[in-house]
Amino acid sequence: MSRRTRRSLQVAAATALLVTAATACNAAAKNDPSDSASGGSGKSFTLVTPDAVGQNEFLKLAVSGIKDAAKQHDGTQKVYESTDTASQQQNVQAAVDAQPDVIVLVGFEFADLVAQQAQKHPSQQFLIIDACTSKTLKNVSCAVFREHEGVYLAGAEAGLLSKSGKVGAVDVLDTPQFRRYSDPFAAGAKKVAPKTSASTRFVGGQSPFDDSARAKEQANTLLSKGYDQIMAAAAAGNYGVFEAAKAKGAFAYGVDVNQCPSAPGTVVDNVIKRTDVAVEKGVEAVLSGKTGTTVSYGLKEGGISLTGLEDGVGSSKCVIADHTDVLTKVKALRDQIVAGKLTVDDPAAS
């Protein structure tokens, strides 16, 4: 599992970041070789990532989004790839020094840094993806996701595919925020199969985001009781969930990106966060003057999806590709949610 998946789940638990003042040095900045640093007569955009992009699909989508935004506005774009806290600070400072029209940052790692810089540079527009600052600022816009809608659809798949009538979830912590990855899974399964039994196990411990062994143990507890479809929301521990499911001939569901290639024949589908959509639409909103707001992206906006509902599912290595009948029913549920005819309860709603 990518580090981005771990960090995406940590967003709900992160209440503050302890960071030192940003430095003006940008020696640690790593630029995308395909950046357009010059040319074009339109707007300029800079993307700062919390990790190196590499093969990280979550971040690759964000890069795609910034490139599309630049293309749409006949503009230029630049990508700064961070590797650690120090380079995150340096890259944010470098982005601010360049004074682009919009600086886009992915992840809660940047929340405090952006708050500091936004107050120092009130004319600079910032867009944070998958997180937000604790204080509302006129020049900081945020894009967050309604993950629970996608989890609900994954649960519906599980309910339709389960042979035992038991679906479960392995979640990192027992909090309302993290239950967005488990409670809707049970609800979706019961929507299509009312007699379905559901249960959630929590990783917990000293390192809930990185403990594959504990995640595997929790998965095995469910499997030993006959649960045959498991939502894996254990961050880096998802690998342990996949291993346990594979060993028992059961099935699992991933998050954030397509995790099917990591366990072909075991991972049914994934709840996908379309960071490219959030970047493109977020930039467009900022340029149109809609700043200082937090926008939620779900199924309706195209910000949340399933691998099974995306183009290319046939080559995704996901089990759901072999169940077109199930996908037809899940698409119908998606359409109901998009149309406002079906509401998915959000465990984290106040």
Side-chain angles (χ1 to χ4, degrees), residues 4-14 58 107-108 129-132 142-160 167-193 196 198-203 208-209 229-235 238 241 252-259 268-275 277-278 294-310 320 329-350:
R4 182 72 241 151
T5 300
R6 171 177 62 82
R7 285 184 166 147
S8 293
L9 286 172
Q10 281 178 302
V11 169
F58 188 84
F108 74 88
I129 305 297
D130 205 22
C132 198
C142 305
V144 296
F145 298 92
R146 300 195 298 276
E147 298 95 343
H148 55 288
E149 293 181 351
V151 174
Y152 183 90
L153 294 184
E157 291 179 340
L160 292 168
V167 307
V170 175
D171 215 334
V172 281
L173 293 168
D174 188 2
T175 69
Q177 291 84 0
F178 289 116
R179 279 187 171 274
R180 288 178 124 207
Y181 291 90
S182 50
D183 289 2
F185 189 72
K190 292 179 180 180
K191 173 68 175 179
V192 298
T196 299
S199 181
T200 299
R201 302 287 299 184
F202 299 94
V203 179
F209 300 98
Q229 307 280 328
I230 301 177
M231 180 71 210
N238 271 17
V241 177
Y253 298 74
V255 295
D256 281 3
V257 298
N258 178 17
Q259 296 190 299
V268 177
D269 209 340
N270 312 272
V271 179
I272 302 293
K273 286 185 182 179
R274 292 294 304 273
T275 46
V277 171
T294 297
V295 178
S296 175
Y297 291 87
L299 295 172
K300 183 177 182 179
E301 298 79 12
I304 290 293
S305 185
L306 298 180
T307 302
L309 300 179
E310 298 283 284
I320 196 63
K329 295 177 181 178
V330 170
K331 288 177 182 177
L333 286 176
R334 176 200 59 190
D335 293 344
Q336 289 181 42
I337 295 172
V338 169
K341 297 179 179 179
L342 174 62
T343 300
V344 180
D345 291 335
D346 181 359
S350 57

Residue set satisfying ring-ring contact (aromatic ring centres under 6.0 Å, His included) with Phe185, at least two apart, ordered chain then number -> Tyr253
Residues Ala232 and Asn238: closest non-hydrogen pair is O-ND2, 3.0 Å
Salt-bridge contact Asp174-Arg179 (side-chain N to carboxylate O under 4.0 Å): yes
Heavy-atom closest pair (Pro347 atom, Asp183 atom, distance to 0.1 Å) is CG-CB, 3.9 Å
Checklist line | Intermediate values then yes/no, side chain to side chain contact (heavy atoms under 4.5 Å, CB included), Asp171 and Arg201 | finding: CA-CA 6 Å; Asp171 215 334; Arg201 302 287 299 184; over 6 Å; no
Residue set satisfying salt bridge (charged side-chain N to carboxylate O under 4.0 Å, His left out) with Arg180, at least two apart, ordered chain then number -> Glu147, Asp346
Correct closest heavy-atom pair for Val241 and Ala234 would be CG2-CB, 4.4 Å
| query | Can Arg334 and Glu149 be counted as an ion pair, charged N to O under 4.0 angstrom? | reply | no
Walk me through whether Leu153 and Leu299 qualify under side chain to side chain contact (heavy atoms under 4.5 Å, CB included). CA-CA 10 Å; Leu153 294 184; Leu299 295 172; 3.8 Å; yes
What one should report as the nearest heavy-atom pair of Ala131 and Gly107 is CB-C, 3.8 Å
What do the steps show when you test Asn270 against Val257 for side chain to side chain contact (heavy atoms under 4.5 Å, CB included), and what is the final call?
CA-CA 7 Å; Asn270 312 272; Val257 298; over 6 Å; no
CD1 (Ile320) and CG (Leu160) are apart, to the nearest 0.5 Å, by 8.5 Å
One should read off an interatomic distance between Glu157 CD and Leu333 CG, to the nearest 0.5 angstrom, of 10.0 Å
One should read off an interatomic distance between Ile337 CD1 and Leu342 CG, to the nearest 0.5 angstrom, of 5.0 Å
With side chains defined as the heavy atoms from C-beta onward, is the minimum distance between Val144 and Thr294 less than 4.5 Å?
yes
The side chain to side chain contact (heavy atoms under 4.5 Å, CB included) partners of Ala278 (sequence neighbours excluded) come to Ile129, Ala143, Phe145, Tyr297
Rounded to the nearest 0.5 Å, the CG atom of Asp269 sits from the CD atom of Gln229 at a distance of 11.0 Å
Has Thr275 got a side-chain atom pairing as donor or acceptor with Phe58's backbone, closer than 3.5 angstrom? yes
What one should report as the nearest heavy-atom pair of Asp345 and Pro184 is O-CG, 4.3 Å
**Message:** Asp130 vs Lys273, test: salt bridge (Lys or Arg N to Asp or Glu O under 4.0 Å). Steps then yes/no.
**Reply:** CA-CA 9 Å; Asp130 205 22; Lys273 286 185 182 179; 3.1 Å; yes
In short, Leu306 meets Val330 closest at the heavy-atom pair CD1-CG1, 4.1 Å
**Message:** Under 4.0 Å between a side-chain nitrogen and a carboxylate oxygen: does that hold for Glu310 and Arg274?
**Reply:** yes
Legend entry - Verdict with reasoning, Glu301 to Arg146, per salt bridge (Lys or Arg N to Asp or Glu O under 4.0 Å): CA-CA 10 Å; Glu301 298 79 12; Arg146 300 195 298 276; 2.8 Å; yes
Can you find a pair of side-chain heavy atoms, one from Leu173 and one from Val203, that are under 4.5 Å apart? no
So NZ of Lys300 and CG of Asp335: to nearest 0.5 Å the spacing works out to 13.0 Å
Checklist line | Residue pair Tyr152 / Lys191, side-chain heavy-atom distance below 4.5 Å | finding: yes
Practice problem: Begin from the C-alpha positions of Met231 and Val255 and carry the test side chain to side chain contact (heavy atoms under 4.5 Å, CB included) through to its verdict. | Solution: CA-CA 9 Å; Met231 180 71 210; Val255 295; 3.2 Å; yes
